[in-house]
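Reviewing the structure listed below.
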Amino acid sequence: MNHPTGRARAGLRRSLLSWYDRSRRDLPWRRDPSPYRVVLSEFLLQQTRVDTVVPYFERFVERFPSIESLASAPLDDVLKCWEGLGYYARARNLHAAAREIVERHEGKVPDRADDLSNLKGFGPYTTAAVASIAFDLPHAVVDGNVIRVLSRLCAIKDDVARADVRTRISEIAQDLLDPVRPGDANQAAMELGATLCSPRNPDCPQCPIARHCRGRKLGIQTDLPVKSKRGSRQKRTEVAVVLRRNTSVLVAKRPEEGLLGGLWEFPTVPVQSNQGKKDWGNALSDRTGLNVSIEGRLQTLHHAFTHFELELKAYEGQATGKNLRPTGYTEIRWAKEADLDRLAFSRVHRRLADYIAMPHQLELTSV
DNA sequence: GACCCGTGGTT
DNA sequence: TAACCAAGGGT
């Protein structure tokens with residue numbers, strides 16, 4: 001054992017919970033931690049900061065006040081509420097989980113970890129989080145915060161990407177978890193990582209468990225956790241076309257699987273080198289079923305994804321032909337400009353939509 | 001186990 | 001400023 005045991009472990013639990021009771025943030029899902037609100041918050045929080053999530057959470061509970069209302073809603077409505085948050089598979093998973101809960105669990109969030117982990121989108125973290133926070137079950141969470149806190153606390157110098165190291169961290173987390181208040185203990189560990197035990201500049205003097213921290217004792221806390229480095233991002237270029245017909249604009253819906261699944265966008269094709277407007281027009285004709293020609297350039301937008309950087313060249317175009325035949329899209333339609341707000345777009349295409357609506361106002365601030 | 005999947009804040 | 005990284009899960 002190289003982590004606190006016996007009396008030290010009891011003291012650590014007490015110090016951490018005491019600090020949490022003293023300084024925990026006032027978050028909307030903590031005011032009324034009903035199972036549904038906990039589930040919703042945990043899906044929103046996957047890989048996403050608390051400050052970003054709060055307004056989304058408020059909108060979700062307003063729009064979908066219950067599991068039933070979420071389950072009975074069209075997926076498009078859930079995606080619209082999720083618009084701009086990223087990792088859109090979470091919205092699909094949340095929707096699917098809500099339907100499973102209604103169909104297989106009588107509308108009640110299951111109060112056993114086994115049942116929770118069988119729901120769509122419930123991995124090890126979310127299962128433990130809901131079990132502990134909503135039902136006071138003693139399952140330790142392991143998220144990015146916990147990995148950082150525990151790797152420092154126990155001076156773990158091995159690469160935390162290794163499976164055996166992850167297993168060890170999970171075991172430590174479980175052993176240190178306060179069995180009386182597991183939900184608060186889990187949130188305390190995450191809150192510590194999110195506020196004091198930060199990646200670059202941990203505030204050790206304020207840390208309630210600094211006394212127990214081997215990483216700090218060795219002076220290596222800022223070197224932990226040890227992570228293998230990510231590769232550099234590749235660059236992609238795409239062309240999007242804005243096609244108008246009277247007061248409508250042509251928009252298309254991306255396939256449910258994969259990047260930005262289920263979101264709407266202006267018809268877009270990847271750009272290869274040595275291509276010109278004629279090639280883009282042909283490619284966009286294939287995608288839409290119309291005869292598309294590219295005309296004046298509107299704007300070039302840049303957007304950073306996790307694994308690549310996108311340069312999106314937006315053009316105006318002309319289209320002839322009647323029959324819409326989407327290729328690589330699940331749906332394609334002429335939408336009134338006023339109705340673009342009703343559809344869920346990715347960030348880049350939402351920016352383009354806003355530009356179309358009010359070109360003069362956004363021209364000055366656009367990248 | 002490696003890779004895919006968004007977006008925005010921070011340093 | 002480019003890189004890191006966040007209450008991860010699916011394949």
Side-chain angles (χ1 to χ4, degrees), chain A residues 24-25 27 29-30 33 38-57 79 82-94 96-97 116-134 139-149 159-167 170 173 183-195 197-202 222 225 227-235 254-263 302-310 344-351:
Chain A
R24 69 179 199 171
R25 292 170 289 181
L27 303 175
W29 47 90
R30 286 180 177 164
V38 172
V39 168
L40 178 58
S41 67
E42 290 302 336
F43 271 77
L44 292 166
L45 284 163
Q46 288 170 8
Q47 289 285 282
T48 309
R49 285 185 163 73
V50 165
D51 291 345
T52 305
V53 165
V54 168
Y56 280 88
F57 179 84
L79 280 172
W82 201 278
E83 182 184 63
L85 194 59
Y87 282 142
Y88 299 93
R90 292 181 293 168
R92 292 197 299 277
N93 293 339
L94 173 65
L116 289 169
S117 66
N118 282 327
L119 298 170
K120 223 10 173 289
F122 279 73
Y125 166 79
T126 305
T127 297
V130 173
S132 64
I133 298 171
H139 296 271
V141 299
V142 179
D143 73 330
N145 292 305
V146 170
I147 289 171
R148 186 168 56 257
V149 167
D159 188 339
V160 295
R162 278 168 45 187
D164 59 323
V165 178
R166 291 296 184 98
T167 299
S170 296
D184 286 340
N186 275 330
Q187 293 187 82
M190 294 190 283
E191 189 103 339
L192 185 65
T195 57
C197 196
S198 58
R200 300 292 183 85
N201 299 309
T222 56
K227 294 187 174 184
S228 44
K229 298 191 176 176
R230 264 203 308 224
S232 60
R233 281 195 292 243
Q234 308 251 327
K235 296 183 191 303
R254 298 176 62 91
E256 291 221 346
E257 308 293 321
L259 184 70
L260 305 173
L263 298 194
H302 297 269
H303 189 79
F305 290 78
T306 306
H307 292 281
F308 64 93
E309 291 177 22
L310 175 66
F345 282 77
S346 69
R347 266 292 193 243
V348 190
H349 283 264
R350 172 55 64 193
R351 273 205 281 154

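Below, chains carry the letters A, B, ... as their sequence lines are ordered, and counting in each starts from 1. None of these values were measured; they are calculated from a predicted model.
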Report the distance from atom [atom1] of [X] to atom [atom2] of [N], rounded to the nearest whole Å.
X        : N      : atom1 : atom2 : result
A:His302 : B:dT7  : NE2   : C1'   : 17 Å
A:Asn201 : B:dG9  : CG    : C1'   : 15 Å
A:Arg347 : B:dC5  : CZ    : C1'   : 16 Å
A:Phe308 : B:dC3  : CZ    : P     : 16 Å
A:Glu256 : B:dC5  : CD    : P     : 16 Å
A:His307 : C:dT11 : NE2   : P     : 16 Å
A:Leu260 : B:dC4  : CG    : P     : 15 Å
A:Leu44  : B:dT7  : CG    : C1'   : 14 Å

With a non-hydrogen cut-off below 4.0 angstrom, is [X] in contact with a base, only sugar-phosphate, or nothing?
X        : value
A:Ala161 : nothing
A:Leu85  : base
A:Gly84  : sugar-phosphate

### Pair A:Asp164 + A:Arg162: basic N to acidic O under 4.0 Å
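Yes, A:Asp164 and A:Arg162 are salt-bridged.
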
Which value, in whole Å, describes the distance between the [atom1] atoms of nucleotides [N] and [M]?
N     : M     : atom1 : result
B:dA2 : C:dA7 : P     : 24 Å
C:dC4 : B:dC3 : P     : 16 Å
C:dT1 : B:dG6 : P     : 27 Å

Is the side chain of [X] donor-acceptor paired with the backbone N or O of [Y] at a distance under 3.5 Å, no angle test?
X        : Y        : answer
A:Glu309 : A:Arg233 : no
A:Tyr56  : A:Glu83  : yes
A:Thr48  : A:Gln46  : yes

### Task
For A:Asn186 and A:Ala140, work out which heavy atoms get closest and say how close.
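Shortest heavy-atom contact: OD1-CA, 3.6 Å.
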
### Task
For residues A:Tyr87 and A:Thr306, report the shortest heavy-atom separation together with the two atoms involved.
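Closest approach of A:Tyr87 to A:Thr306, heavy atoms only: OH-OG1, 3.7 Å.
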
### Query
So, for A:Phe43 and A:Phe57, is the gap between ring centers shorter than 6.0 Å?
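No, ring centres 6.0 Å or more apart.
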
### Query
Is the phosphate of B:dG6, meaning OP1 or OP2, less than 4.0 Å from a side-chain N or O of A:His303?
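Answer no for this pair, as no side-chain N or O of A:His303 is under 4.0 Å from OP1 or OP2.
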
### Message
Across nucleotides 3-10 of chain C, 5' to 3', mark each nucleotide with B, S or - according to how protein heavy atoms within less than 4.0 Å reach it.
### Response
-SBBBBSS

### Task
Using heavy atoms to find the nearest nucleotide of DNA chain B for A:Asp164 and A:Thr52 separately, return the residue whose nucleotide is more 5′.
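Closest to the 5' end, via its nearest nucleotide, is A:Asp164.
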
